[in-house]
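Quick notes on the structure that follows.
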Amino acid sequence: MVFAPRNTTLLACIIFVALASSPFIFQILRGDTNGNFSTLYDSFEAGVLTATTGARAKFSWDSVPPSDHLVWHDCYTEHQCARLNVPLNYSDPYGEKAIIALTRIPSPLPVGSPWYRGPILFNPGGPGGSGVDLVVQAGKLFSTIVGPQFDVLGFDPRGVGHSVPRVSFFETAAERALWGSVGPHVLDASAGEVARQWARSKVINGLAGERLLNLLPHINTDQTARDMLRITEAHGNEKLQYWGFSYGTVLGATFAAMFPDKIERMIIDGVVDVENYYATLWTNNLLDTDKTMQTFFDGCAEAGPDDCPFYAPTAEDISRNLTNLYNAIRKKPVPVRTKVSYGLVDYNRLRTTIFMSLYTPYATFPALARGLADLAAGDGRLLFEMEEFPPFQCSCDEGPPRIDIVDEAYAAILCNDGVDISESLGDFEKYFKHLTEKSSWGELWSAIRGNCISWPRLPKSHFQGPFTGNTSFPILLIGNTADPVTPLWAAKKVSKGYPGSVVLTQNSPGHSSLTAPSLCTQKYIRRYFTDGTLPDRGTVCEVIKSPFSQITSKTPTDQTPFENNWTSDERDILTAITALSMISRSSAPYPL
Ligand SMILES: *[C@@H]1O[C@H](CO)[C@@H](O)[C@H](O)[C@H]1NC(C)=O
Ligand SMILES: *[C@@H]1O[C@H](CO)[C@@H](O)[C@H](O)[C@H]1NC(C)=O
Ligand SMILES: *[C@@H]1O[C@H](CO)[C@@H](O)[C@H](O)[C@H]1NC(C)=O
Ligand SMILES: *[C@@H]1O[C@H](CO)[C@@H](O)[C@H](O)[C@H]1NC(C)=O
């Protein structure tokens, strides 16, 4: 899902070159740069988030020998790391190996404790997001939520991040930076960008076919589901415990359909219509995007000018002001020079920044309101800085080359998983028209399917449905009422395939339960993992505050009791989910 921290001292250098020479400047800045989360860590209570860039830099995965068994080594700060050999091709178990990178926050219970319940596997989404980075960044917070009985375990799916082999179309970071993003970006039809993306996909996917033809058939969600079973078994367990977000719900639903009797616990959170995903359609993600945007207008009008600098008396006024701003920026981009960087806020940048902020309203709406107000007054700096990228400095030859999440894994997994699509420009133009007629955000979203134009035609023997199963334990699905990319509707649809499963609704904007502070939701999650209790059908969880308010809800309900009634467990859970909801995803290169 949401927040792959990506370190790119190396890329920072390349970007500097690219700035001077490339017409794709914004794609490069947006897609190929990495978030710098150190400022985020500083803003949290010490000890809540444990990862530091220093610890990350010191630890090298090369020091962890791959093994057929799980052998844990201390790594990062309070983490343990292992590298597990798995078959690259499960039909050929003694053939070539892939090596899966794993990181865990071990259960704080003493070894041999009768309360110990084994690992919960996490997937952050993507496709192509790093579970290792997720747990390095936020593992302690997850541990607080699920409880001390469990190990919190992140793994990098095959092809991704610290796992090998990696999917990389490019031979050098320079090559990648100069090419620019394959991630989501605005296709401005009037500027010919639909046709440009078609042409770019032909080039880049031709390259993928040339360079990775032997690897690509093994990079798909089916094989990753098998890896999850292997990881579970390597722990000595028969059945999976899992919490997956966004694309991680595709992975979860796939696992549940392939291995329905191997489920101990499964939460899928921010649910994708898995059939639509495997059909490479990407046509029903945006059902609630405008609803999420509306929560910005409503929240801003309600908050007043002190808490929302883009304030106007009614939500309609604010919406109209934003439309006016779009029109102004289209005609006249705003040049920006900050202390550490420079660039411009053009229409593409403005739309992308706003779209990304919809994923994490609690982390970004107040800053967005300030950025928009400044921008309307001619100052683009704050808005520009909402998308994080490395400072323009070089320290290219420090230490071993970094292993980062690269955009290509995202395209490879989704294009491999999905059915092949038409290579014709006319068909892509029709698709673009269809998507933009359905939603104004279609101009941003249609690039995703566009990535698969002229993708290498490979025989597809991986699992592609049906997505049904009588699971050995009922699945818990979670959907928000105003999720910009995984509408609640999809959670209800996917739930139908898995008898006994329950959809928990969280009444909030944002993508997945992690992006809004609901004590109610997180308590259900903990109970589900610890004693297997599912919420009643139709349960709706409230959040404790709106994105613009700093204080807890003034109108407590059963689900948001007065603060002084909270137990210490509840306080800890609330602290953890509040911290999680404040993490933005401004630089994640993938859509889900
Ligand atoms: C991240 O930003 C902080 C403060 O702006 C800076 O001190 C640090 O060097 C940066 N780290 C990286 C890895 O870019
Ligand atoms: C996987 O292994 C089986 C059995 O050796 C083989 O038939 C199949 O072609 C292999 N799949 C790929 C994608 O190489
Ligand atoms: C926003 O709308 C209000 C009411 O229509 C108007 O008075 C104000 O000038 C607008 N502000 C901006 C920044 O466009
Ligand atoms: C689940 O079990 C029910 C009742 O036994 C059966 O009718 C149904 O076909 C099963 N579904 C799957 C996907 O196995």
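Whatever order the structure lists ligands and atoms in, that order sets their numbers, starting from 1. One-based numbering along the sequence shown. Everything quoted here is computed from the prediction, not taken from an experiment.
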For [atom], what is the closest protein heavy atom, and at what distance to 0.1 Å?
{"atom": "atom 14 (O) of ligand 2", "answer": "His218 CE1, 3.5 Å"}
{"atom": "atom 3 (C) of ligand 4", "answer": "Asn470 ND2, 3.7 Å"}
{"atom": "atom 1 (C) of ligand 3", "answer": "Asn321 ND2, 1.7 Å"}
{"atom": "atom 5 (O) of ligand 2", "answer": "Asp92 CB, 3.9 Å"}
{"atom": "atom 9 (O) of ligand 2", "answer": "Asn89 ND2, 4.8 Å"}
{"atom": "atom 13 (C) of ligand 3", "answer": "Ala376 CB, 3.9 Å"}

For ligand 2, the portion of Ser91 having any non-hydrogen atom under 4.0 Å away: both

Leu372, Asp317, Thr314: member with heavy atom nearest to atom 4 (C) of ligand 3: Asp317

Any non-hydrogen protein atom less than 4.0 Å away from atom 7 (O) of ligand 2: no

Under-4.0 Å heavy-atom contact between protein and atom 11 (N) of ligand 3: yes

What is the distance from atom [atom1] of [X] to atom [atom2] of [Y], rounded to the nearest 0.5 Å?
{"X": "Trp445", "Y": "Thr289", "atom1": "CH2", "atom2": "OG1", "result": "7.5 Å"}
{"X": "Leu358", "Y": "Thr295", "atom1": "CG", "atom2": "OG1", "result": "7.5 Å"}
{"X": "Lys496", "Y": "Ser501", "atom1": "NZ", "atom2": "OG", "result": "10.5 Å"}

Heteroatom distance test (Thr468, ligand 4): nitrogen or oxygen, under 3.5 angstrom: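 No: no nitrogen or oxygen of Thr468 is under 3.5 Å from one in ligand 4.
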
Side chains of Asn85 and Asp68, donor plus acceptor under 3.5 Å: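 A pair is found: one side chain offers a donor N or O, the other an acceptor, under 3.5 Å apart.
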
Pair Thr283-Asn276, side-chain donor/acceptor within less than 3.5 Å: yes

Numbering as shown, the atoms of ligand 2 that approach Pro217 to under 4.0 Å (heavy-atom distance): 13 (C)

Chi angles and distances behind the salt bridge (charged side-chain N to carboxylate O under 4.0 Å, His left out) call for Glu385, Arg370: CA-CA 12 Å; Glu385 283 171 340; Arg370 223 174 308 126; over 6 Å; no

Given Val132, Thr224, Leu84, the one that forms side-chain contact (heavy atoms from CB on, under 4.5 Å) with Phe155: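 With Phe155 as partner, side-chain contact (heavy atoms from CB on, under 4.5 Å) holds for just one option, Thr224.
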
Trace of the side chain to side chain donor-acceptor pair (under 3.5 Å) decision for Asn220 with Asn416: CA-CA 6 Å; Asn220 55 54; Asn416 280 342; over 6 Å; no

